[in-house]
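See structure below.
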Amino acid sequence: MADNSAKLNKNTNGSAGSDAPKASQENAEMNTAKAAQGNAEANMPKANQEKAEANAPKTAANAPETGQRDRSRNLEKAEHVIEMEHLTKRYGKKVAVNDLTLSIKKGEVFGLLGPNGAGKTTTILMLLGLTEPSGGKATIEGMDCTRDPIGVKSIVGYLPDNAGFYGDMTGRQNLRFTGRLNGLEGQELEDRIETLLKRVDIEYAGDQKVGTYSKGMRQRLGVADVLMKNPEVIIMDEPTLGIDPEGMRKLLILIRDLAVEDGRTILISSHQLQQIQQICDRVGIFIEGNLIVEGTLRELEEHIRKEGNYLLELSVQPMDDQLLGMLYQQDGVKKIEKEGDKFMITSKKDIRPRLTQFLGENGYTVYHLHQRGGDLDEIYRVYFEKAGQADERSSYEKNNKKRGRFGRKKQQAS
């Protein structure tokens with residue numbers, strides 16, 4: 001390291017003449033050119049300066065792009081911060097994570113979604129260097145998560161589903177403890193505590209004992225705790241679990257700000273789809289240790305449409321045999337089920353044009369007609385079925401309510 005520093009100083013301080021290294025000559029020439037350009041601009045008449053400014057390329061601030069579109073383009077160009085290549089973890093004969101290859105970009109919020117037991121937490125443990133993979137590797141900012149776990153931990157903050165704090169200490173005292181563990185002292189430490197309590201919106205509770213905090217307050221204090229060491233990457237395991245709606249709203253806004261305003265890279269594991277889809281740039285669906293699909297919500301929606309997966313919700317009066325017969329005769333209809341007062345019609349194509357014509361011609365009263373597919377819940381359901389899994393809600397109804405095709409309980413054999 002000392003040799004490299006010496007070389008750097010020599011190249012930086014050396015003469016730009018014929019005896020200087022080529023790089024130094026180029027730097028000197030570049031500086032001379034910049035100085036000449038600066039002098040030319042300073043002596044340019046005001047009218048010419050204004051004309052030059054008008055012809056100059058527009059900055060991002062003046063470009064007619066939306067903030068979201070700019071963010072998407074920036075993420076496309078961003079380098080990969082987290083990389084997993086054929087990452088595998090076995091516990092005996094059970095494969096918890098199977099050949100996972102995934103890259104996450106700088107400043108991105110990535111949602112790793114799947115049911116309990118899918119392998120999400122095992123993946124996180126391997127990223128944090130807390131368990132060794134059975135195969136493949138994972139890196140964060142180029143550091144191997146298995147070989148350099150200390151280096152990884154120095155730039156990564158981790159928020160578990162139930163952040164642990166000393167309940168008999170105040171929020172401020174807990175943050176002070178964490179700050180000192182990370183080498184902060186004095187006024188710098190106190191200033192950071194104040195800043196973070198304000199940012200997570202629990203400044204009013206900073207001097208209350210954490211044992212009195214709600215789950216949502218504890219999770220926001222957990223975010224402040226993670227930010228004490230100013231990490232580049234934040235990994236959150238089920239951060240919204242058990243939080244009331246208002247607490248969840250505040251936490252989701254905070255998470256999004258950490259990426260958009262701070263440029264931090266965030267990986268979130270969760271099975272709560274509706275909440276997570278509000279803040280993620282991309283999602284990956286994880287089932288039984290396998291990454292089934294990943295991409296933006298729009299990309300996943302377009303993909304299932306191309307594969308011919310449509311689900312139509314229909315509620316009309318009367319819901320009679322004539323309607324059922326018409327539906328079953330439609331080309332592409334694969335399945336019809338009843339949920340409450342609605343028909344759920346699975347088809348290979350959009351049947352709404354013919355259906356609405358039939359309903360109008362035959363005097364049906366339409367209460368509800370909705371083509372599902374744009375929300376994460378529907379995307380999740382489709383990929384679960386493709387993976388040979390049953391949706392948890394449908395599985396519950398099947399095993400516990402024992403309903404027939406149209407919701408009537410089946411008769412038990414005597």
Side-chain angles (χ1 to χ4, degrees), residues 67-68 70-82 102-113 120 123-124 127-128 140-141 152-165 171 174-175 178-179 182 184 191-203 205-206 213 215-241 243 245-270 272-284 296-297:
Q68 183 63 34
D70 285 342
R71 175 170 169 76
S72 298
R73 290 180 176 180
N74 290 337
L75 287 175
E76 287 176 6
K77 298 176 182 178
E79 69 273 17
H80 291 144
V81 173
I82 302 175
L102 176 66
S103 298
I104 301 173
K105 299 170 185 174
K106 181 177 178 60
E108 182 174 34
V109 181
F110 188 93
L112 191 60
L113 309 177
K120 306 187 300 296
T123 300
I124 287 173
L127 289 174
L128 295 172
I140 298 180
E141 287 285 19
V152 167
K153 290 181 178 68
S154 69
I155 63 167
V156 176
Y158 172 55
L159 180 66
D161 61 343
N162 190 13
F165 293 104
N174 272 280
L175 293 182
T178 299
N182 285 277
L184 296 174
D191 289 345
R192 185 169 297 186
I193 290 171
E194 287 301 315
T195 298
L196 292 177
L197 285 173
K198 289 179 182 178
R199 183 162 193 187
V200 302
D201 195 25
I202 55 171
E203 182 186 15
Y213 281 20
K215 179 66 183 292
M217 291 170 65
R218 289 174 65 92
Q219 287 300 88
R220 280 183 281 146
L221 181 64
V223 174
D225 190 73
V226 164
L227 293 175
M228 285 301 294
K229 67 176 180 180
N230 197 25
E232 298 175 32
V233 177
I234 299 176
I235 297 176
M236 300 180 173
D237 194 1
E238 299 283 2
T240 61
L241 193 62
I243 299 179
E246 179 60 17
M248 184 178 296
R249 184 187 69 83
K250 291 181 177 180
L251 180 61
L252 292 176
I253 291 173
L254 175 60
I255 293 172
R256 189 64 185 168
D257 285 348
L258 292 175
V260 176
E261 295 183 6
D262 297 7
R264 303 180 201 269
T265 305
I266 300 176
L267 171 63
I268 302 177
S269 80
S270 181
Q272 296 183 316
L273 309 183
Q274 294 301 324
Q275 293 79 22
I276 294 303
Q277 74 175 357
Q278 301 173 34
I279 60 172
C280 289
D281 297 297
R282 286 191 302 144
V283 298
T296 65
L297 291 181

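- Rounding to the nearest 0.5 angstrom, the gap separating the CG atom in Leu196 from the CD atom in Glu203 is 11.5 Å.
- The line from OG of Ser269 to NZ of Lys120 is 5.5 Å long, rounded to the nearest 0.5 Å.
- Residues Pro231 and Val156 are not in side-chain contact: their nearest non-hydrogen atoms beyond the backbone lie 4.5 Å or more apart.
- Contact of the Ser270 side chain with the Leu113 side chain is registered, since non-hydrogen atoms from C-beta on lie closer than 4.5 Å.
- Atom CD of Glu246 and atom CZ of Arg249 lie 4.0 Å apart (nearest 0.5 Å).
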Worked verdict on Ile82 versus Phe110 for side-chain contact (heavy atoms from CB on, under 4.5 Å): CA-CA 11 Å; Ile82 302 175; Phe110 188 93; over 6 Å; no
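- In terms of modelled atom types and a separation under 3.5 Å, the side chain of Lys153 and the main chain of Leu128 share a donor-acceptor contact.
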Worked verdict on Leu227 versus Ile234 for side-chain contact (heavy atoms from CB on, under 4.5 Å): CA-CA 9 Å; Leu227 293 175; Ile234 299 176; 3.9 Å; yes
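- A distance of 5.0 Å separates CD in Gln219 from CD1 in Ile243, rounded to the nearest 0.5 Å.
- Under the 3.5 Å distance criterion, the side-chain polar atoms of Lys215 are matched with a main-chain donor or acceptor of Leu241.
- Remark: the backbone N or O of Asn162 is not paired with any side-chain donor or acceptor of Arg218 at under 3.5 angstrom.
- The backbone N or O of Asp237 sits nowhere less than 3.5 Å from a side-chain atom of Asp161 that would complete a donor-acceptor pair.
- For the pair Val81/Glu232, no side-chain contact is recorded, criterion being any heavy-atom separation below 4.5 Å from C-beta on.
- The CZ atom of Arg264 sits 9.5 Å away from atom NZ of Lys106, with the distance rounded to the nearest 0.5 Å.
- Annotation: side chain of Val233 is not in contact with side chain of Ile104 (no heavy-atom distance under 4.5 Å).
- With a 4.5 Å cut-off on side-chain heavy atoms, Glu261 and Arg199 count as touching.
- The closest donor-acceptor contact from the side chain of Tyr158 to the backbone of Ile124 lies at 3.5 Å or more, if one exists at all.
- Remark: of the listed residues Leu251, Leu267, Ile255, Val226, Ile255 is the sole one forming a side-chain contact (heavy atoms from CB on, under 4.5 Å) with Met236.
- Between Arg192 and Asn230 there is a side-chain heavy-atom pair separated by less than 4.5 Å.
- Across all their heavy atoms, Met217 and Ala205 have their closest contact at CE-CB, 3.6 Å.
- Put simply, the side chain of Ile268 does not reach to within 4.5 Å of the side chain of Leu112, judged on heavy atoms.
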Candidate pair Asp225 and Leu175, rule side-chain contact (heavy atoms from CB on, under 4.5 Å), full reasoning: CA-CA 6 Å; Asp225 190 73; Leu175 293 182; 4.0 Å; yes
Check against side-chain contact (heavy atoms from CB on, under 4.5 Å), Val200 and Leu221: CA-CA 7 Å; Val200 302; Leu221 181 64; 5.9 Å; no
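- Judged by distance alone, with hydrogens and angles left aside, the side-chain atoms of Arg256 form a donor-acceptor pair with the main-chain N or O of Ile279 at under 3.5 Å.
- In plain terms, the two heavy atoms of Met248 and Thr240 that are nearest each other are CE-O, 3.6 Å.
- Atoms CD and OG, from Glu108 and Ser103 in turn, are 9.5 Å apart once rounded to the nearest 0.5 Å.
- Between Gly107 and Ala259, the shortest heavy-atom distance links the atoms O-CB, 3.8 Å.
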